[in-house]
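Below: one structure, written as structure tokens.
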Amino acid sequence: MPLQNDKFPSSAAFDAISEALAGSDEARKDAIKQANAVFAFTLKNKAGETESWHIDLKDSGKVATGAGAKPTVTLSLSDEDFGNLVLGKANAQRLFMSGKLKIKGDIMKATKLDPIMKKAQGQAKL
């Protein structure tokens, strides 16, 4: 089932992340070992609507819609900023410092997300 939501153009990245994790058992296990967390994303589009997705890098190594049962860290940002983050055009630290990225939960776990985002960069068609 595709994770992309047409109201949120950058959500195509979740399909790319899902494909990257599903591509190889070894890559998925490695990502789980490195991150050991559930990352929830709440995106807000230009119409002011919000939607959530999560990446489970604690148990299953899967990506799904919704915030997940108990996210370790929740990242809230605009659809546009998330797209730029995935494409490498934006820096998470700068987004956070400028107030465009809000983080709830274990802020140190958020730093473990970078390798996963890099895997999606080459595959995401945003």
Side-chain angles (χ1 to χ4, degrees):
M1 181 174 102
L3 299 163
Q4 184 175 0
N5 179 330
D6 291 338
K7 292 181 181 179
F8 298 84
S10 71
S11 66
F14 293 109
D15 284 316
I17 293 166
S18 182
E19 284 174 32
L21 290 171
S24 127
D25 226 20
E26 192 177 311
R28 186 175 65 251
K29 285 177 184 166
D30 187 48
I32 291 170
K33 191 169 115 183
Q34 283 180 20
N36 190 30
V38 176
F39 300 95
F41 294 86
T42 300
L43 305 183
K44 188 174 197 171
N45 66 12
K46 288 187 169 136
E49 300 168 308
T50 59
E51 193 66 50
S52 296
W53 290 262
H54 70 278
I55 304 170
D56 181 342
L57 291 178
K58 193 171 192 133
D59 300 313
S60 67
K62 294 195 182 325
V63 184
T65 55
K70 284 188 181 170
T72 312
V73 61
T74 302
L75 298 93
S76 302
L77 66 165
S78 74
D79 180 60
E80 185 179 349
D81 286 334
F82 178 70
N84 287 331
L85 191 63
V86 171
L87 293 172
K89 294 179 183 174
N91 175 296
Q93 201 169 9
R94 283 198 201 104
L95 289 174
F96 179 72
M97 294 298 185
S98 65
K100 292 181 176 182
L101 169 62
K102 307 246 187 295
I103 301 174
K104 276 193 264 181
D106 188 342
I107 197 163
M108 292 312 291
K109 286 290 185 185
T111 62
K112 304 282 187 188
L113 204 52
D114 200 43
I116 308 321
M117 291 299 200
K118 283 195 174 18
K119 284 181 183 169
Q121 270 180 19
Q123 296 179 351
K125 290 165 184 62
L126 306 179

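These numbers were taken from a predicted model, which means no experiment stands behind them. Only this structure's heavy atoms are used, side chains among them; waters, hydrogens and symmetry mates stay out.
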Test of understanding: with side-chain contact (heavy atoms from CB on, under 4.5 Å), list the residues that count as partners of Ala22, not counting sequence neighbours. none
In chain order, what residues pass the side-chain contact (heavy atoms from CB on, under 4.5 Å) check against Thr42, with sequence neighbours excluded?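 Here the qualifying residues are Thr50, Ser52, Thr74, Ser76.
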Centre-to-centre under 6.0 Å for Phe41 and Phe14, is that the case here?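 Yes, they do, as the ring centres are separated by less than 6.0 Å.
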Is any side-chain heavy atom of [X] less than 4.5 Å from a side-chain heavy atom of [Y]?
{"X": "Lys58", "Y": "Val38", "result": "yes"}
{"X": "Leu43", "Y": "Asn5", "result": "no"}
{"X": "Trp53", "Y": "Gln4", "result": "no"}

Distance-only side-chain donor-acceptor flag, Glu80 / Asn84, under 3.5 Å: no
What distance do [X] atom [atom1] and [Y] atom [atom2] have between them, rounded to the nearest 0.5 Å?
{"X": "Phe8", "Y": "Leu3", "atom1": "CZ", "atom2": "CG", "value": "13.5 Å"}
{"X": "Asp114", "Y": "Lys112", "atom1": "CG", "atom2": "NZ", "value": "11.5 Å"}
{"X": "Lys109", "Y": "Leu75", "atom1": "NZ", "atom2": "CG", "value": "13.5 Å"}
{"X": "Leu113", "Y": "Leu85", "atom1": "CG", "atom2": "CG", "value": "8.0 Å"}
{"X": "Lys62", "Y": "Ile55", "atom1": "NZ", "atom2": "CD1", "value": "13.5 Å"}
{"X": "Ile103", "Y": "Leu95", "atom1": "CD1", "atom2": "CG", "value": "9.5 Å"}

Can you name the closest pair of heavy atoms from [X] and [Y] and give their distance?
{"X": "Leu57", "Y": "Ala31", "value": "CD2-CB, 4.0 Å"}
{"X": "Asp81", "Y": "Ala90", "value": "O-CB, 4.5 Å"}
{"X": "Asp79", "Y": "Ser11", "value": "OD1-N, 4.1 Å"}
{"X": "Val73", "Y": "Phe39", "value": "CG1-CD2, 3.2 Å"}
{"X": "Ala40", "Y": "Pro71", "value": "CB-CB, 3.7 Å"}
{"X": "Ser60", "Y": "Asp56", "value": "OG-OD2, 3.4 Å"}

Give a yes or no on whether the backbone of Val63 and the side-chain of Ser18 come within a donor-acceptor separation of less than 3.5 Å. no
Please test Lys33 against Asp30 for salt bridge (Lys or Arg N to Asp or Glu O under 4.0 Å), starting from the C-alpha separation and ending with a verdict. CA-CA 5 Å; Lys33 191 169 115 183; Asp30 187 48; 5.2 Å; no
Using side-chain contact (heavy atoms from CB on, under 4.5 Å), reason through Leu101 and Arg94 one step at a time and then give a plain yes or no. CA-CA 9 Å; Leu101 169 62; Arg94 283 198 201 104; over 6 Å; no
Would you indicate whether Glu49, at its atom CD, is surrounded by more than 12 heavy atoms from other residues, nucleotides or ligands within a distance under 6.0 Å?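 Counting neighbours around CD of Glu49, more than 12 heavy atoms of other residues, nucleotides or ligands fall under 6.0 Å, so yes.
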